[in-house]
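Please read the structure below before turning to the comments.
None of the values given here were measured: they were computed from a predicted structure.
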Amino acid sequence: MSLSLILPMSAFALAASISPGPVNLVCLSSGTRYPVSRGLIFVTGATVGFIALFISVGLGLYSLLTLVPAFEDVLRWAGVAFLLYLSIKLALDSGHLPEKGAEKAPGFGAGALMQWLNPKAWLASASGIGAYTSANDWPQVLLFASVYLPICWLSLACWVYAGAFLRQQVQRPVVLATVNRVLALLLAASCLYLVLG
């Protein structure tokens, strides 16, 4: 595999991973509310979940959606329900930072599950696999996944650190509550995209 293929794969992975989406918004919110280390657990789960999805799509899972259209509907509605649940939690947040251990941050499992319910992750997987690999070519899919893994993790971690920076700059609960409500609105808007798109 030549460098001329790895560089475009890397650029694609960076663009898909760092651009705003539901998982990125949860990373940002986590950074504003919890210690960075707890946000990075979510990031690790989201990265592992995405790579598992990416490899599965690369080995033919996406073609299952065309064979069983009802599965796509189930996936869409499960994603809508999960994102609405997260938006409601964010919208109801008071902006007061939780005391140590008082509230549970989204963890590894939530991050992994969220990627499987995230339409952006499915789209990034299908379009990346289609553009840069041959169908069901195991070595190419694994190479692309190994390029994607660190880029995805670092991109999502940037959102957690951005949230932590925001928390340090803005200590007033009313401002953090406003930020959380804006994030909740953006998550809810992504649900509209899922329902209408």
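Going from atom OG1 of Thr32 over to atom CG of Leu166 covers 6.5 Å, rounded to the nearest 0.5 Å. If you take CD1 on Ile129 and CD on Gln140, they are separated by 9.0 Å, rounding to the nearest 0.5 Å. The line from OH of Tyr132 to CD1 of Ile6 is 13.0 Å long, rounded to the nearest 0.5 Å. Put simply, SG on Cys152 and CD1 on Ile51 are 6.0 Å apart, with the number rounded to the nearest 0.5 Å.
Linking Ile, Leu, Val, Met, Phe, Trp and Tyr whenever their side-chain heavy atoms come within less than 4.5 Å puts Leu25 and Leu154 in one cluster. Linking Ile, Leu, Val, Met, Phe, Trp and Tyr residues whenever their side-chain heavy atoms come within less than 4.5 Å leaves Leu117 and Val48 in two separate clusters. The cluster map of Ile, Leu, Val, Met, Phe, Trp and Tyr, joined by side-chain heavy atoms under 4.5 Å apart, puts Val23 and Ile41 in different clusters. The cluster map of Ile, Leu, Val, Met, Phe, Trp and Tyr, joined by side-chain heavy atoms under 4.5 Å apart, puts Val182 and Phe165 in different clusters.
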Report task. Let me see the working for Phe50 and Ser17 under side-chain contact (heavy atoms from CB on, under 4.5 Å), right down to the final yes or no. Result -> CA-CA 10 Å; Phe50 176 78; Ser17 299; 5.7 Å; no
Query raised in the report: Can you list the steps and then say if Asn24 with Lys120 is a side-chain contact (heavy atoms from CB on, under 4.5 Å)?
Result: CA-CA 11 Å; Asn24 307 74; Lys120 180 187 169 198; 3.3 Å; yes
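Closest approach of Val147 and Ser10 over heavy atoms only: CG1-OG, 3.4 Å. Nearest approach of Tyr161 to Leu40, heavy atoms of both residues: OH-CD1, 3.9 Å. A pairwise comparison of heavy atoms in Trp116 and Ser56 identifies CH2-OG, 3.7 Å as the closest pair. Of all the heavy atoms in Arg167 and Tyr34, the pair that sits closest is NH1-O, 2.6 Å. Heavy-atom minimum distance, Val36 versus Val160: O-CG1, 4.1 Å. Shown here for Ile55 and Leu142, the closest heavy-atom pair between the two residues is CD1-CD2, 4.0 Å.
Within a 6.0 Å sphere centred on CZ of Phe108, heavy atoms belonging to other residues, nucleotides or ligands number more than 12.
Checked against Leu156 for a side-chain contact (heavy atoms from CB on, under 4.5 Å), the options Leu28, Thr44, Thr47 give a single hit: Thr47.
Taking the six-membered ring where the residue is Trp, the centroids of Tyr148 and Phe54 are separated by under 6.0 Å.
With Ser146 contributing its side chain and Leu143 its backbone, the two residues share a donor-acceptor pair below 3.5 Å. Side-chain atoms of Ser19 come within 3.5 Å of backbone N or O of Ala15 as a donor-acceptor pair. A donor-acceptor distance shorter than 3.5 angstrom exists from the side chain of Trp159 to the backbone of Ile18, with no hydrogens or angles considered. Judged purely by atom type and a 3.5 angstrom limit, Gln115 has no side-chain atom pairing as donor or acceptor with the backbone of Gly49.
Inter-residue side-chain proximity for Pro22 and Met114 is flagged as met; some heavy-atom pair is nearer than 4.5 Å.
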